[in-house]
Amino acid sequence: MTTLTLTPLLVLLLLLVPAVTSIGVNYGTLADNLPPPATVAEFLKTNTIIDRVRIFDVNPEVIQAFAGTGILVSVTIPNGDIPSLTDPWNARRWVNSNIKPFYPATKIHYICVGTEVLHWGPQSIVDHLVPAMRVLHATLVKAGIKDVKVSTPHSLSILLKSNPPSKALFRPGWDVGNLAPILRFHRETKSAFMVNPYTYYAYTPGNESYCLFKPNAGLYDKATGKRYTNQFDQLMDAVYVSMKKLGYPDVEIIVAETGWPSGGDPQNTHANVANAAAYNGGLIKKVSSGLGTPLMPGRKFETYIFSLFNENLKGPSLDEKNFGLFRPDFTQVYDIGIMHRSQSTSPSPKSPSTPSPSPKSSSPLAQGKRWCVPKPDATDVALQSNIDYICSNGIDCSPTQPGGPCFEPNTVRAHASFLMNSYYQAHGRHDLDCDFAHTGTVASTDPSKSITILSLSAHLYFCNWASTTNTSPFELNVFSLSFQVMVTVNIFR
């Protein structure tokens, strides 16, 4: 038997490989104004970073539309059909009708057996859930379809308690009677446990920042010594702890649904565009970071945002109609980096070939010419989301607060420029750490080529420098402006 020894150098190289992130979306169709499925599939493939979708039925037109796109498709069996699928003959007929005609041209990923079955019931359907999952899996294997997995999504009503995560546990009755058999099935079939963690439904005015990945004091769990700076981590660790108490900490977890509406009923003022962008933007950064959670460090979660489109036939609340990332005409409700960016607005960074600075130099211009800046088309909403994420993930944001050396100019873009670069520098100057859901780019700009870029980059240089010295805001601005004037005079003389 050959033993592979990982040298320290090899371990370091593996750690530096960028994480491949799965970004998915729930594709609902409860609307009378949506584009044809084939148009939707082509749009997602050509224009977005979305590489997987989950649908809430087995609509043949939708499944066929994704053939040849490479986009993974998870389909859903209606709750009412579950009891019949405990019969192997019915399960074989279902697979023959709903999977085989499209597989493998359409990359069918998961069969979701029902939706939040434990929550909605009735007991007659709950009792048939695990048997139906087992029969479907056996049917797929017998048909030679071994890469389509079986699962069932759960609402977080399965938890009796989630705060603090160390005290979390599944509801008595469901824990041993239903969830333990489901988790045993997942371990045996190497499939994932699906959960729907919505921080939106736990919102109160007092915990807004905690729900939206914004800077906050956080929650300290005394039992584990872990501090939680966002509710998404808290809920995911609550699920993990509950699974561990049943003996299944090794089963993977998929975020089958999560999101935030951009509009809602008058009393739900927290359902707005800014909050939706903050939550979903923060979510993408979270799952893209590869950081995991306090109790699951480095763990990656396949994640599906709810939802693709605003759906005008959902309801009765307006909230339900406004969870979409896109309107039916494919315009974005808000920008969180889902769309591909044109290479013309995202030039490839080039490292300057300049002599190494003297180690004794403290000049900001001697600290290198490679820094992270916002892309020209990045919106203020997206940049504010970046700021919120950075400030809640270990970067000192005090320089951009009132009275700080980088507070002026007091604009979202100026503050984002400083903080995005601070994050990039602190994490080792890897290009991945300047992506920010495709709103940042690594720059090595020749200041003589652009007065606008000169102004921003000069201020960024001096601001970084001033934040590590005793330079006052007034001295910083004088130094920065003097430099810009000096170079500008040299350019045009």
Side-chain angles (χ1 to χ4, degrees), residues 18-29 34-77 94-95 97-115 133 136-137 139-141 143-154 186 189-196 251-259 280 283-284 286-288 290 299-309 324-326 337-340 437-438:
V20 177
T21 302
S22 301
I23 300 297
V25 69
N26 288 271
Y27 174 15
T29 55
L34 297 182
T39 306
V40 173
E42 182 61 25
F43 171 78
L44 295 182
K45 175 186 175 183
T46 306
N47 298 288
T48 76
I49 64 171
I50 294 166
D51 66 350
R52 58 199 63 211
V53 299
R54 174 177 166 238
I55 63 175
F56 294 93
D57 51 25
V58 283
N59 185 325
E61 184 183 4
V62 174
I63 299 173
Q64 180 61 44
F66 285 93
T69 63
I71 294 173
L72 301 179
V73 178
S74 293
V75 302
T76 303
I77 296 170
W94 188 91
V95 169
S97 298
N98 298 293
I99 302 299
K100 278 190 171 181
F102 312 103
Y103 173 91
T106 298
K107 297 180 69 173
I108 299 175
H109 185 38
Y110 267 89
I111 297 172
C112 299
V113 183
T115 300
M133 293 171 70
L136 273 170
H137 173 72
T139 302
L140 290 167
V141 172
I145 304 173
K146 298 182 180 180
D147 56 346
V148 176
K149 298 183 182 296
V150 176
S151 188
T152 183
H154 303 278
H186 288 316
T189 62
K190 295 181 172 56
S191 53
F193 186 65
M194 291 184 169
V195 294
N196 300 340
V251 172
E252 290 300 317
I253 304 173
I254 285 178
V255 179
E257 284 182 40
T258 188
N280 285 324
L283 174 73
I284 291 176
K286 176 67 186 179
V287 300
S288 298
R299 197 152 165 180
K300 301 177 180 66
F301 304 107
E302 184 174 331
T303 300
Y304 294 79
I305 295 174
F306 186 86
S307 62
L308 179 57
F309 291 113
L325 298 173
F326 295 93
I338 289 291
M339 300 289 285
H340 287 311
H438 306 292

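None of these values were measured; they are calculated from a predicted model. What's counted below: heavy atoms across the whole structure, side chains too, no hydrogens, waters or symmetry copies.
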Output all residues satisfying side chain to side chain donor-acceptor pair (under 3.5 Å) with Lys286, sequence neighbours left out; order by chain, then residue number.
Asp233

Partners of His109 by side chain to side chain donor-acceptor pair (under 3.5 Å), sequence neighbours excluded?
Glu302

Please find the pair of heavy atoms, one from [X] and one from [Y], that lie closest to each other, and give the distance.
X      : Y      : answer
Ile23  : Asp51  : O-OD1, 2.8 Å
Ser151 : Ala192 : OG-O, 2.7 Å
Arg299 : Val251 : NH2-O, 2.5 Å
Phe309 : Pro35  : CZ-CG, 4.0 Å
Ile71  : Ala41  : CD1-O, 4.1 Å
Gly259 : Asn280 : CA-OD1, 3.6 Å

Are the side chains of [Y] and [X] in contact, using a 4.5 Å heavy-atom criterion?
X      : Y      : value
Thr139 : Val141 : no
Ile111 : Ile99  : yes
Asn26  : Ile55  : no

Nearest-0.5 Å distance, CD1 of residue Ile49 to NE2 of residue His340
8.0 Å

When rounded to the nearest 0.5 Å, the distance separating NZ of Lys300 from CD1 of Ile254 is 14.5 Å

Under the ring pair (Phe, Tyr, Trp, His ring centres under 6.0 Å) rule, collect the residues that match up with Tyr103, sequence neighbours excluded.
none

Residues at least two apart in sequence or cross-chain that pass ring pair (Phe, Tyr, Trp, His ring centres under 6.0 Å) with Phe193, listed by chain then number, are His154

What pairs of residues pass the side-chain hydrogen bond (donor to acceptor under 3.5 Å, both in side chains) test when at least one of them lies in residues 60-77, not counting sequence neighbours?
none

Would you mind listing every side-chain hydrogen bond (donor to acceptor under 3.5 Å, both in side chains) that reaches into residues 38-49, with sequence neighbours excluded?
Glu42-Thr46

Between Lys190 and Glu252 (salt bridge meaning N to carboxylate O under 4.0 Å), is one present in this structure?
no

Aromatic contact, Phe56 with Tyr27 (centres under 6.0 Å)
no

Thr106: side-chain contact (heavy atoms from CB on, under 4.5 Å) partners, not counting sequence neighbours
Ile63, Phe66, Ala67, Val73, Phe102, Ile108

Taken in chain and number order and not counting sequence neighbours, the residues that satisfy side-chain contact (heavy atoms from CB on, under 4.5 Å) with Ser191 are Tyr110, Lys149, Phe185, His186, Thr189

